[in-house]
2 protein chains.
Amino acid sequence: MESARKAARRAEVERNDRALLRAARAVVAEDGAHAAVATIAARAGVGVGTLYRRYPTKEQLFQHLCSLALDDYLRAAEEGLAHDDPWRGFEHYLTAAVLSGTGGLGAIAGTITVTEEMSATAARGDAAAEELVRRAHDAAVLRADVGPVDIALLIEQLGRSPLVEQLTQQGRTDLVEAAEHARRRVIAVALDGLRAPAPTPLPDPPPGWELFSERWRLPDGPTAP
Amino acid sequence: MESARKAARRAEVERNDRALLRAARAVVAEDGAHAAVATIAARAGVGVGTLYRRYPTKEQLFQHLCSLALDDYLRAAEEGLAHDDPWRGFEHYLTAAVLSGTGGLGAIAGTITVTEEMSATAARGDAAAEELVRRAHDAAVLRADVGPVDIALLIEQLGRSPLVEQLTQQGRTDLVEAAEHARRRVIAVALDGLRAPAPTPLPDPPPGWELFSERWRLPDGPTAP
DNA sequence: CCTTGTGCGGAGCGATCTGCTCCGCACTAC
DNA sequence: GTAGTGCGGAGCAGATCGCTCCGCACAAGG
């Protein structure tokens, strides 16, 4: 049975790939763009050779990582739109986006070459998010003075969890679970702050998307003379 | 006038020191614990020699940085307690702690030796924060289901601003101001989510301080067999 | 003018860490 | 036994790190 063996091989390869991606996401969240390839491979429990057979370059691995993160973000928004209840949909979008574990990837934005596909997915995600916010506004369940960019910023702020990362790095797995529970409480607090009606008006006018448009660009030469 | 000259020297030295500390805080926020000494010196506009005359070691610089950050935190809490209005005091504490610009220092916790003074200041800050929360609870202005550790975690989450850091690094100073305004809006949203009465109960029981007690410890050997 | 004192910048040193290559090994099918 | 296949990790060249140290600018006293 040759095909069975082939299938088993493929399954193992896929398992390795998934472990690799999960490890990469975690390590990047902890170490930022300086994350070393060896660290990622070790965390995934594979050798660097295995990593390099799948991703010929560190940058390609990071690109794939970002691509998946953008997919997650788009999915979170689309799932939110699929809900009938506008608030429930919004809630799902925000929670899923924050908890997708992709929050640390903002750290490598600007260090990789952005592909067409990535920017297209990002645009679709932003459009879906905008629609989600509009719908929640129309139903008067989301406070009127927040805009979609406020939400994006909030997601970014909550997307990383320095505490969980540090506890993971210190190997205090016993505390990690408690930290994640605590994180969900913080998310719930933020969501309550977003409900209509607003108890107090927000300062300054709502920010525009231009804040994030620079996000996915190559960095200029560092302090060129 | 010898003393005048001496005073001028001292003034310049002090200016240098302040620039150094501010640069160090910014660079650490952006690069984490891997922040290079040369980067800090360059950002401050001085040579590495000047930096090393003041701080004989990178670790000593980082320790001083953390010490100042803990002072800021303690001051924020004490200023909050000085307010007559419990909510205003709480608001001041949270806002000041978040905006003190010391949020990025959690990244170097665990990489430096913690001094007695640091842990003492941290303890005093936590005690003051706890008192602040208790007072706000008694006045029924703070939602009853959040505890002081929830607040500490929220401060940590909002303390860093990846977006502002990236924009700074890219030299888009024009957008930085807008990003900071947007950040204040997010803080305001979070504060509204903390007001009593709570629209929805929070999940899980409130976390305890043990989540943070491991924060200021030396890291164990990495993945010891 | 020169000498002395003082704080500064940054070239450069050795050690460490980086992305990446490549080879020996375990394992299976025949 | 032989061939095929995917794996782990030692090891290489170069980049980067913390830190030292020396030449320089500048002011005061002679």
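Please read all numbers here as calculations on a predicted model, not as lab measurements. Chain letters run A, B, ... following the sequence lines, proteins first, then strands; residues in each count from 1.
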Self-check item: Heavy-atom check, side chain of Leu99(B) versus side chain of Ile187(B), under 4.5 Å
Solution: yes
Quiz item: Does Thr121(B) reach the side chain of Ser67(B), with side-chain heavy atoms less than 4.5 Å apart?
Solution: no
[atom1] of [X] versus [atom2] of [N]: gap in Å, rounded?
| X | N | atom1 | atom2 | value |
| --- | --- | --- | --- | --- |
| Arg53(B) | dG10(C) | CZ | C1' | 12 Å |
| Gln60(A) | dG19(C) | CD | P | 15 Å |
| Ile40(B) | dC17(D) | CD1 | C1' | 12 Å |
| Leu20(A) | dC7(D) | CG | P | 10 Å |
| Tyr55(A) | dC7(D) | OH | P | 13 Å |
| Leu61(B) | dC19(D) | CG | P | 10 Å |
| Arg43(B) | dG10(C) | CZ | C1' | 19 Å |
| Tyr52(B) | dC8(C) | OH | P | 16 Å |

Nearest of [options] to any side-chain atom of [X]?
| X | options | result |
| --- | --- | --- |
| Lys58(A) | dG19(C), dC19(D), dG8(D) | dG19(C) |
| Thr50(A) | dG19(C), dG10(C), dC7(D) | dC7(D) |
| Thr57(A) | dT18(C), dG9(C), dC20(C) | dC20(C) |

Exercise. Measure across Arg185(A) and Val146(B) and return the closest heavy-atom pair with its distance rounded to 0.1 Å.
Key: NH2-CA, 4.0 Å
Exercise. Please figure out whether Ala33(A) or Leu51(B) has its closest DNA chain C nucleotide nearer the 5' end.
Key: Leu51(B)
Quiz item: Base, sugar-phosphate alone, or nothing: which one does Ala35(A) contact when heavy atoms must sit under 4.0 Å apart?
Solution: sugar-phosphate
Quiz item: At under 4.0 Å between heavy atoms, what does Val48(B) touch on the DNA or RNA strands: base, sugar-phosphate, or nothing?
Solution: base
Quiz prompt | Test item: Arg160(B) side-chain N/O and Ala29(B) main-chain N/O as donor-acceptor pair under 3.5 Å | solution = yes
Quiz item: When you look at CD of Glu177(B), are more than 12 heavy atoms from neighbouring residues, nucleotides or ligands closer to it than 6.0 Å?
Solution: no
